[in-house]
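Worksheet: the structure to be examined is printed underneath.
Quick note: numbers below take in every heavy atom, side chains included, and nothing from hydrogens, waters or symmetry partners. For the single chain, residues carry numbers from 1 onward in sequence order.
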Amino acid sequence: MLLAFSVAPTETPDSRAEMSAAVAEAVRVVRASGLPNETNAMFTLVEGEWDEVFDVVRRATEAVERVAPRASLVIKADIRPGAKDQLHNKVRSVERRLSGDET
């Protein structure tokens with residue numbers, strides 16, 4: 001399973017709506033999990049088996065809840081049994097097509 005998720009506080013301590021401290025705690029949980037992962041400006045991607053991926057999402061959400069009284073969670077998953085390294089293979093496939101090497 002390749003899963004993209006975003007978890008963030010819905011309430012922030014000031015008018016700048018700074019969320020990085022809470023999000024950093026969630027990303028810390030993901031990175032400590034040992035599962036393949038990437039974080040970008042909008043989502044964190046995690047790859048693994050169903051139970052282990054959702055456990056990481058739950059613990060990351062709990063980390064945000066320790067910092068903020070309320071959290072928002074968005075999840076999108078590609079469930080493809082047997083597929084490996086989709087975190088990188090999906091991007092490589094698109095890059096090959098962009099380069100004109102569609103084989």
Reported CD-to-CG distance for the pair Glu38 and Leu87, which is rounded to 0.5 angstrom
4.0 Å
Nearest-0.5 Å distance, CZ of residue Arg58 to CG of residue Asp51
11.0 Å
Does one hydrophobic cluster hold both Val46 and Ile79, with members joined at side-chain heavy-atom distances below 4.5 Å?
yes
Spacing of NZ belonging to Lys76 relative to CG belonging to Leu45, to within rounding of 0.5 Å
10.5 Å
In terms of heavy-atom contacts, Ala83 and Glu47 come closest through O-OE2, 4.4 Å
Can you find a side-chain donor-acceptor pair between Thr10 and Ser72 that sits under 3.5 Å?
no
Taking only residues two or more places apart in sequence or in another chain, which ones pass side chain to side chain donor-acceptor pair (under 3.5 Å) with Asn89?
Arg92
Could you tell me whether Arg59 and Glu62 make a salt bridge, using a distance below 4.0 angstrom between a side-chain N and a carboxylate O?
no
Do other residues, nucleotides or ligands put more than 12 heavy atoms under 6.0 Å from the CD atom of Glu49?
no
Is the number of heavy atoms from other residues, nucleotides or ligands under 6.0 Å of Arg80 CZ greater than 12?
no
If I take atom OG1 from residue Thr61 and atom CZ from residue Phe5, how far apart are they, to the nearest 0.5 angstrom?
6.5 Å
Can you see which heavy atom on Leu3 is nearest to which on Ala77, and at what distance?
CD1-CB, 4.1 Å
Inter-residue atom distance Leu35.CG - Met1.CE, 0.5 Å rounding:
11.5 Å
Let me check something: do Val23 and Val30 share a hydrophobic cluster, defined by ILVMFWY side-chain heavy atoms less than 4.5 Å apart, either directly or through other members?
no
Rounded to the nearest 0.5 Å, what separates atom CG in Asp78 from atom CD in Gln86?
6.5 Å
Please say yes or no: joined through hydrophobic side-chain contacts below 4.5 Å, possibly via intermediate residues, are Trp50 and Val57 part of one cluster?
yes
